[in-house]
Participant: 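I'd like to ask some things about the structure below.
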Amino acid sequence: MSDATPVNASDQSAEHTQLTNPTLVLNCGSSSIKYALISEDKSTRITGLAENLGLDTARIKYTTLEGEKLEITIPGGRHELALKKILELLEQYQFVAVGHRVVHGGREYSKAVRVDEHVLSEVKRLKILAPLHNPANALGIEAVQAIYPDIPQVVVFDTAFHQTMPPVAYRYPIPSVLYEEEKIRRYGFHGTSHAYVSERASQITDTKGPHGWLTAHLGNGCSATAIYDGESLDTSMGLTPLEGLMMGTRSGDVDPGLHIHLKRLLGMSLEEIDKMLNSESGLLGISGLSNDLRTVEQAANEGHKDAQLAIEMFSYRVGKYLASLSCALPVFTGIIFTGGIGENSATTRARILDVMRHFGVKFSADKNKALVGGSEGSFQDDDSPVELWVIPTDEERQIAKETRQTLGL
Ligand code: AMP
């Protein structure tokens with residue numbers, strides 16, 4: 001692209017071989033589009049990110065196969081133009097398939113599926129369950145269809161992995177008619193991440209299967225899942241990604257009576273309450289500082305009381321949830337930490353395990369501290385009844401894998 005500007009020096013450390021028969025993985029969000037182009041053997045990839053969509057500052061930051069980091073602007077910041085530019089940038093690599101991350105697959109989809117007109121209309125229809133995400137996901141599918149009508153596309157749903165949950169876990173104790181006619185139930189999210197890290201742990205552990213894992217995906221969004229023999233049996237997120245753990249800006253569980261109370265007390269509208277619970281709560285709401293744990297940890301270390309409370313609440317709620325999710329497992333092999341916090345904050349992992357002290361978990365503080373910055377490994381002591389793993393998540397790799405499997409490539 002002639003209008004691309006270099007951002008940084010070349011990344012000499014990257015391994016640059018061939019992108020053989022690559023799969024394009026697209027994650028189209030409401031204000032950003034992430035992509036990864038992953039070779040057939042999954043050993044090589046290039047990535048990019050369109051950000052600030054909808055604003056004049058919209059741009060695509062990307063890395064070439066040679067490791068050069070470049071940036072181009074997107075005048076007007078429209079999603080469609082960003083997608084068109086991304087596809088132009090990637091045309092030279094001759095991708096053979098496209099896999100889309102789609103947030104909501106409702107009750108209809110329990111696995112990845114090839115895109116046809118019906119699937120596309122279902123992705124659009126399910127915006128009732130994911131109003132911010134599914135429409136952006138559909139735009140991505142249509143952009144590829146318009147430019148490359150012959151390239152097969154697959155949608156990989158965030159909810160699909162959790163479709164194995166039994167009714168005892170996925171139903172809410174509210175009148176059945178709301179489930180039967182309006183599909184009000186628990187769906188769960190982050191499915192590709194929970195699937196990836198649990199499969200990976202089952203591959204690398206010395207313990208014979210079937211395994212029972214508790215996976216803790218702790219990032220800006222957070223969820224925990226109980227997985228037995230590769231199947232999700234219960235998870236912390238529900239009808240929407242607001243249920244469950246305390247997150248960066250999301251509250252997680254609150255009393256369902258809170259809405260009516262705030263309406264009566266402060267005259268708040270449902271929209272105001274929704275915004276407060278999704279965008280102004282969690283680590284940000286309690287610390288009053290940031291949704292980023294690094295900022296909150298630094299303030300806590302300097303004696304900031306609200307930051308200290310935010311971290312304690314975060315860890316307490318994760319530990320309490322993991323303990324309760326263990327009830328879903330026929331056997332309890334271990335806990336897997338992933339996501340930006342799970343992969344990097346050894347102190348948060350230690351706090352969570354301290355909350356779960358009655359499980360008799362034993363671990364090496366040094367091994368725990370060493371597992372940061374993208375390293376993978378276990379840190380339990382030999383006599384610990386439960387294994388403890390840090391496994392960096394790789395949702396793009398999982399989506400590329402499921403895309404190829406669905407297409408029989
Ligand atoms: P994710 O959504 O998975 O990208 O995770 C993002 C979050 O991970 C950030 O908001 C931080 O709170 C957290 N995080 C990333 N790196 C670190 C770190 N070194 N220490 C503590 N938290 C971190």
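Throughout, numbering of the chain's residues begins at 1 and tracks the sequence. Order of listing sets the numbers, starting from 1, for every ligand and every atom in it. The structure displayed is predicted, hence computed values, not measured ones.
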Participant: Could you check atom 19 (N) of ligand 1 against the protein and tell me its nearest heavy-atom contact, residue, atom and distance included?
Facilitator: Asn344 CB, 3.5 Å
Participant: Counting each atom of ligand 1 from 1 as listed, which ones have a heavy atom of Glu297 under 4.0 Å away?
Facilitator: 21 (C)
Participant: Which atoms from ligand 1 have a heavy atom of Ile341 less than 4.0 Å away?
Facilitator: 8 (O), 12 (O), 13 (C)
Participant: How far does CG of Leu284 sit from CZ of Arg250, to the nearest 0.5 angstrom?
Facilitator: 13.0 Å
Participant: So if I count the atoms of ligand 1 from 1 in the order they appear, which ones are less than 4.0 Å from some heavy atom of Leu293?
Facilitator: 11 (C), 12 (O), 22 (N)
Participant: Can you tell which of Asn220, Leu283, Thr347 gets a heavy atom nearest to atom 7 (C) of ligand 1?
Facilitator: Asn220
Participant: Do Gly339 and ligand 1 have an N or O pair less than 3.5 Å apart?
Facilitator: no
Participant: Between the candidates Arg294, Gln298, His190, which shows the shortest non-hydrogen contact distance to atom 20 (N) of ligand 1?
Facilitator: Arg294
Participant: For ligand 1, indicate whether the residue Glu343 contacts it via side chain, backbone, both or neither (heavy-atom separation under 4.0 Å).
Facilitator: neither
Participant: Below 30° counts as parallel, above 60° as perpendicular, anything between as tilted: where do the rings of Phe337 and Phe379 land?
Facilitator: tilted
Participant: Can you find an N or O of Gly340 that's nearer than 3.5 Å to an N or O of ligand 1?
Facilitator: yes
Participant: With a 6.0 Å cut-off on the ring centroids, do His104 and Tyr187 count as close?
Facilitator: yes
Participant: Does Arg349 count as lying over the ring of Phe363, i.e. NZ or CZ under 6.0 Å from the six-ring centre, within 45 degrees of the axis?
Facilitator: no
Participant: Starting from the C-alpha separation in whole Å, work towards a yes-or-no answer on side chain to side chain donor-acceptor pair (under 3.5 Å) for Asp41 and Ser43.
Facilitator: CA-CA 6 Å; Asp41 63 0; Ser43 66; 2.9 Å; yes
Participant: Which atoms from ligand 1 have a heavy atom of Gly219 less than 4.0 Å away?
Facilitator: 1 (P), 2 (O), 3 (O), 5 (O)
Participant: Protein heavy atoms: any of them under 4.0 Å from atom 12 (O) of ligand 1?
Facilitator: yes
Participant: Is it true that the NZ or CZ of Arg351 lies under 6.0 Å from the centre of Phe314's six-membered ring and within 45 degrees of the ring axis?
Facilitator: no
Participant: Do Ser223 and His217 meet the criterion of a side-chain donor-acceptor pair at a distance under 3.5 Å?
Facilitator: no
Participant: When you compare the side chain of Val154 with that of Glu402, does any pair of heavy atoms fall below 4.5 Å?
Facilitator: no
